[in-house]
Amino acid sequence: MSAPSEQTVCRRLAGRTAVVTGAGSGIGLAAARRLASEGARVVCGDIDQERGRAAAEETGGLFVRTDVTDPEQVEALFRAAYDTCGSVDVAFNNAGISPPDDDSILETGLEAWRRVQEVNLTSVYLCCKAALPYMRRQGKGSIINTASFVARMGAATSQISYTASKGGVLALSRELGVQFAREGIRVNALCPGPVNTPLLQELFAKDPERAARRLVHIPAGRFAEAEEIAAAVAFLASDDSSFVNATDFLVDGGISGAYVTPL
Ligand SMILES: NC(=O)c1ccc[n+]([C@@H]2O[C@H](COP(=O)([O-])OP(=O)(O)OC[C@H]3O[C@@H](n4cnc5c(N)ncnc54)[C@H](O)[C@@H]3O)[C@@H](O)[C@H]2O)c1
């Protein structure tokens, strides 16, 4: 399975406003670019001022410096989107961390556990809580919360709080998708497989054996590109996915379906 060589241009999001958290890097940045290319006005939230601002400038959008663990800052992010653009149609709640001190349960301390839960799970609760009132008033909206394939599969290379936080994102998204379906609001969890980000490249360039240990489980034989995850975000954001709701939307190259992979 090879990566797509050229991107299809479509304008499924013309006139819509999309809030993207963690827009300064990786999946969030690729999604901000893709959503903008499909016609959305993008509102970039990130704790990193420099990168978040650069993402907004590149996509012709708005930057709001936001720590997604802070309820007031999250409310201000969605308020700024509504006040500036007049609607909140898409919320891509994506910011997350995967720090090295979140490891095996035998090693991971309570402070690291709590920090990861705050950034990866409490933030999604806060962003959904802030986005929903706008979407309910409009009678429509699409919320996409970034989980991970590790919410569906166990890894012997554990990051215990990360995995638990992503499991929480799945359950929260499913419940909200069911609760608000008749108000025209869809809520899906997005479950990417491992993505070819600078972080992952650096980690595995230093240690090819670690990369090989993971690649052997991927039927596609490679990691995802951030643009391939962004394509799924654009689909879930658009009306093309109008009957996709309350799912664990896997974009994992087949990892979670695999027993034996090709040599
Ligand atoms: N990269 C992967 O292989 C992979 C796989 C599955 C899921 N994910 C998930 O995808 C999401 C994005 O991951 P990525 O690889 O693009 O990461 P990344 O580190 O490249 O980008 C994350 C962004 O979030 C921002 N951020 C961090 N803490 C924040 C906070 N408190 N408030 C606001 N912004 C904050 C960072 O500044 C950064 O711009 C995360 O939720 C991650 O868990 C990643």
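Each ligand, and each atom within it, is numbered from 1 in the order the structure gives.
Between Glu228 and Arg222, at least one side-chain nitrogen of the basic residue sits less than 4.0 Å from a carboxylate oxygen of the acidic one, meeting the salt-bridge criterion. Looking at Arg34 and Glu38, a side-chain N of the basic residue comes within less than 4.0 Å of a carboxylate O on the acidic one, giving a salt bridge. Ion pairing between a basic and an acidic side chain is recognised when a charged N comes within 4.0 Å of a carboxylate O; Asp101 and Arg115 show such pairing.
Side-chain contacts under 4.5 Å among hydrophobic residues (ILVMFWY), followed directly or transitively, place Leu170 with no other residue at all.
Residues that satisfy the salt bridge (charged side-chain N to carboxylate O under 4.0 Å, His left out) test with Lys140, not counting sequence neighbours, are Asp89. Among residues two or more places apart in sequence or in another chain, the salt bridge (charged side-chain N to carboxylate O under 4.0 Å, His left out) test is passed with Arg152 by Asp248.
Sorted by chain and number, the heavy-atom contacts of ligand 1 below 4.0 Å come from Gly22, Gly24, Ser25, Gly26, Ile27, Asp46, Ile47, Asp48, Thr66, Asp67, Val68, Asn94, Ala95, Gly96, Ile97, Val119, Thr146, Ala147, Ser148, Tyr162, Lys166, Pro192, Gly193, Pro194, Val195, Thr197.
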